[in-house]
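Working notes, structure below.
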Amino acid sequence: MKTAKDYTLYELLAVNISKMFRDDDVGFTGLVTGDQTAVMASMVPLAAMSLAQHTHAPNMTVLLAGMLHNPDLSKLTTVPNSEFEPTSVDVDSEAMMLGFPAPWCVNRGDITVGFSSGAQIDAYGNMNSVCIGDHDHPKVRLVGAIFQTEHLALFGREIITMKLEKRKFVEKVDFVSAVGYPGGREGRAKLGLSGAGPEYVVTDKCIFSFHEVTGRMQLYSIHPGYTPEDIRNETGFAIENLYDAKETPAPTEEELYLLRNIIDPKGLLLPRSI
């Protein structure tokens, strides 16, 4: 397949995330607020899951906010800002449930892949969406854990999407609202967490994965146009394999065609002006 030369960052991310899915996956994403965060944590994952359904994972189930099953993204005329606003119920989908998770049991691990984002993430994948600074006297009080705790504890695996900034990627989070790999993967197992935990951290400059034993974040790939120094300068902890990572593969012309003409013809999910 011919590699495309003209693509946006969001299209690059959607294509590479789509390759992280299996045909039997049940994927969940909520509706995140905030312009760029919403695109990274909700819109890009939705486009990626739909692309997987159109390519190698036709039997994958997409759960939007838990209540909309396999939404038809191509028919969107606007993107809902939250799960609870009226436009959410107007999204065409195979089924709509009033309660989550309906047929799927979170505690049983029926949700095989989910998406999270937060204000901080540390070297072992622990996340923080509660506060910056001391919990009792914080500098900033954040939105709270909401469903993030269950994501990383109970889902089959988690894909985290965040902008790469040193203030966000820290050696130790100020508050643990969702557990990654404290004490490595063995430490996670000792806590009795049934889910596999975070698998990838997808950012605007690179993709991270986690070491199979230590559970520490490591570089998986660097996006075209960025260098290892760019990654190091925006990461608040040491990365051992900084110079060993591959380049993030560019989208193919076929993948871009599917995204732009079949999945997101109006450009609502993946803004094309950047």
Side-chain angles (χ1 to χ4, degrees), residues 1-25 27-29 31-32 35-62 64 70-76 79 112-117 157-165 198-209 218-228 230-231 234 241 244-274:
M1 295 183 183
K2 188 176 181 181
T3 299
K5 296 181 180 180
D6 179 22
Y7 56 86
T8 69
L9 167 66
Y10 296 139
E11 289 169 338
L12 175 75
L13 300 185
V15 165
N16 280 276
I17 292 173
S18 75
K19 298 172 184 176
M20 300 173 184
F21 302 123
R22 302 186 293 259
D23 191 41
D24 60 348
D25 269 330
F28 173 92
T29 184
L31 288 168
V32 181
D35 291 343
Q36 186 180 53
T37 303
V39 175
M40 288 285 288
S42 294
M43 304 303 104
V44 168
L46 280 172
M49 287 190 282
S50 184
L51 181 60
Q53 289 179 317
H54 280 83
T55 53
H56 65 280
N59 297 308
M60 181 180 182
T61 299
V62 177
L64 172 55
N70 290 327
D72 187 346
L73 305 176
S74 68
K75 295 182 180 178
L76 288 177
V79 177
T112 64
V113 60
F115 289 89
S116 293
S117 189
R157 62 194 192 281
E158 193 74 7
I159 298 171
I160 298 165
T161 55
M162 295 175 62
K163 183 178 180 181
L164 184 64
E165 295 178 292
E199 183 176 35
Y200 295 102
V201 182
V202 179
T203 81
D204 55 325
K205 297 179 177 65
C206 66
I207 299 174
F208 294 101
S209 60
Q218 59 188 9
L219 198 56
Y220 180 78
S221 69
I222 300 177
H223 301 339
Y226 292 100
T227 67
D230 293 327
I231 310 305
E234 291 293 347
N241 68 326
D244 299 331
K246 62 183 180 181
E247 184 175 78
T248 306
T252 65
E253 291 185 352
E254 179 183 355
E255 290 165 338
L256 284 187
Y257 177 84
L258 289 171
L259 286 174
R260 295 176 180 179
N261 297 279
I262 306 300
I263 296 168
D264 186 29
K266 301 180 185 68
L268 295 176
L269 300 176
L270 307 176
R272 298 170 192 168
S273 60
I274 61 170

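Values below: all heavy atoms of this structure, side chains included; hydrogens, waters and symmetry mates excluded.
Side-chain atoms of Asp230 come within 3.5 Å of backbone atoms of Thr227 as a donor-acceptor pair (strictly under, hydrogens ignored). In terms of modelled atom types and a separation under 3.5 Å, the side chain of Glu234 and the main chain of Ile231 share no donor-acceptor contact. Of the possible polar contacts, none joining the Glu11 side chain to the Leu259 backbone as a donor-acceptor pair under 3.5 Å is found. No side-chain donor-acceptor contact under 3.5 Å links Asn261 to the backbone of Leu258. With hydrogens and angles ignored, the 3.5 Å screen pairs no side-chain donor or acceptor of Thr203 with any backbone N or O of Met162. With hydrogens and angles ignored, the 3.5 Å screen pairs no side-chain donor or acceptor of Lys205 with any backbone N or O of Ile222. Under the 3.5 Å distance criterion, the side-chain polar atoms of Asp72 are matched with a main-chain donor or acceptor of Ser74. The main-chain N or O of Gln218 is never found under 3.5 Å from a side-chain atom of Asn241 such that the two would form a donor-acceptor pair. Judged by distance alone, the side chain of His223 and the main-chain N or O of Ile207 form no donor-acceptor pair under 3.5 Å. Checked by atom type and distance alone, the side chain of His54 never pairs as donor or acceptor with a backbone atom of Glu255 at under 3.5 Å.
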>> If you apply the rule side chain to side chain contact (heavy atoms under 4.5 Å, CB included), what do you find for Met49 with Thr29, and how did you get there?
In response: CA-CA 10 Å; Met49 287 190 282; Thr29 184; 3.8 Å; yes
> Would Thr161 and Val44 satisfy side chain to side chain contact (heavy atoms under 4.5 Å, CB included), going step by step from the backbone distance to the final call?
Replying inline: CA-CA 9 Å; Thr161 55; Val44 168; 5.9 Å; no
>> Between Leu13 and Met40, is the side chain to side chain contact (heavy atoms under 4.5 Å, CB included) condition met? List the steps.
In response: CA-CA 9 Å; Leu13 300 185; Met40 288 285 288; 3.6 Å; yes
>> I'd like to know whether Glu253 forms a side chain to side chain contact (heavy atoms under 4.5 Å, CB included) with Asp6, so could you lay out the CA-CA distance, the side-chain angles of the two residues, the decisive distance to 0.1 Å, and finally the verdict.
In response: CA-CA 9 Å; Glu253 291 185 352; Asp6 179 22; over 6 Å; no
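The minimum heavy-atom distance between Ala14 and Ala48, with the atom names listed, is O-CB, 3.3 Å. When all heavy atoms of Leu51 and Ser18 are compared, the pair lying nearest together is CD2-OG, 3.5 Å. The minimum heavy-atom distance linking Phe115 with Glu158 is given by the pair C-OE2, 3.0 Å. When all heavy atoms are compared, the tightest approach of Pro271 to Val39 is CD-CG1, 4.0 Å. Across all their heavy atoms, Val15 and Pro251 have their closest contact at CG2-CB, 3.8 Å. Pairing each heavy atom of Met60 with each of Ala52, the nearest pair is SD-CB, 4.3 Å.
Considering only heavy atoms from C-beta on, Arg157 stays 4.5 Å or farther from Pro198 through its side chain. Side chains of Leu12 and Pro224 form a contact here, defined as non-hydrogen atoms less than 4.5 Å apart. Here the side chains of Asp23 and Pro58 are in contact, with some heavy-atom distance below 4.5 Å.
Surrounding NZ of Lys19 are more than 12 heavy atoms belonging to other residues, nucleotides or ligands, all under 6.0 Å away. Annotation for Lys75: atom NZ does not count as buried by contact number, only 12 or fewer foreign heavy atoms lying within 6.0 Å. Within 6.0 Å of CZ on Phe21 lie more than 12 heavy atoms contributed by other residues, nucleotides or ligands.
Taking OH from Tyr10 and CG from Leu269, the interatomic distance works out to 12.5 Å, rounded to the nearest 0.5 Å. How far OH of Tyr257 is from CD1 of Ile263: 11.5 Å, rounded to the nearest 0.5 Å. Put simply, OH on Tyr226 and SG on Cys206 are 10.0 Å apart, with the number rounded to the nearest 0.5 Å.
In this structure, the side chain to side chain contact (heavy atoms under 4.5 Å, CB included) partners of Asn70, at least two apart in sequence or on a different chain, are Gln53, Thr61, Val62, Glu94.
Not less than 6.0 angstrom separates the ring centroid of Phe208 from the ring centroid of Tyr200.
With 3.5 Å as the limit, one finds no donor-acceptor pair spanning the side chains of Thr248 and Asn16.
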